[in-house]
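Worksheet for the structure shown next.
Remember, it's a predicted structure, so these values are computed and weren't measured experimentally.
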Amino acid sequence: MSRARRIGRGPSDRGTAADRLTDPDGWNATTGTTTFEGRDGNDTLVSKNGGFDRITCGTGFDSLVADQAALDTVPAGSGCEFVIR
């Protein structure tokens, strides 16, 4: 089972609506480990926490606030339409 934090706790537990996912204290993740995974819907992900994260956003219009690229990886095609570093 993946240790990624998944969006899916909003109006629909299946992640089909707008949700917000944050991790203010960071995970003890290694480089390349997916720690944030958005799903369907317009989501907001906040991974600016000083730790290593790999973020995939999913479908919908998704906003991401992330650490510098050396810490947070957003793969090409991850579905993150708006990224602030």
- Query: Between R54 (side chain) and P75 (backbone), is there a donor-acceptor pair under 3.5 Å?
  - Reply: no
Atom pairs and distances, side-chain donor-acceptor, residues 60-67, under 3.5 Å, sequence neighbours left out:
{"residue": "D62", "atom": "OD1", "partner": "D43", "partner atom": "N", "Å": "2.9"}
{"residue": "D67", "atom": "OD1", "partner": "N49", "partner atom": "N", "Å": "3.4"}
{"residue": "D67", "atom": "OD1", "partner": "G50", "partner atom": "N", "Å": "3.3"}
{"residue": "D67", "atom": "OD2", "partner": "N49", "partner atom": "N", "Å": "3.1"}
{"residue": "D67", "atom": "OD2", "partner": "G50", "partner atom": "N", "Å": "2.9"}

- Message: Could you report the tightest heavy-atom contact between R85 and K48, atom names first, then the distance?
- Response: C-NZ, 3.8 Å
- Item | Interatomic distance, C57 atom SG to N42 atom CG [nearest 0.5 angstrom] | 11.5 Å
- Message: With side-chain contact (heavy atoms from CB on, under 4.5 Å) as the test, pick out the partner of F36 among I55, T56, V74.
- Response: I55
- Item | D53 side-chain N/O to D72 backbone N/O, donor-acceptor pair under 3.5 Å | no
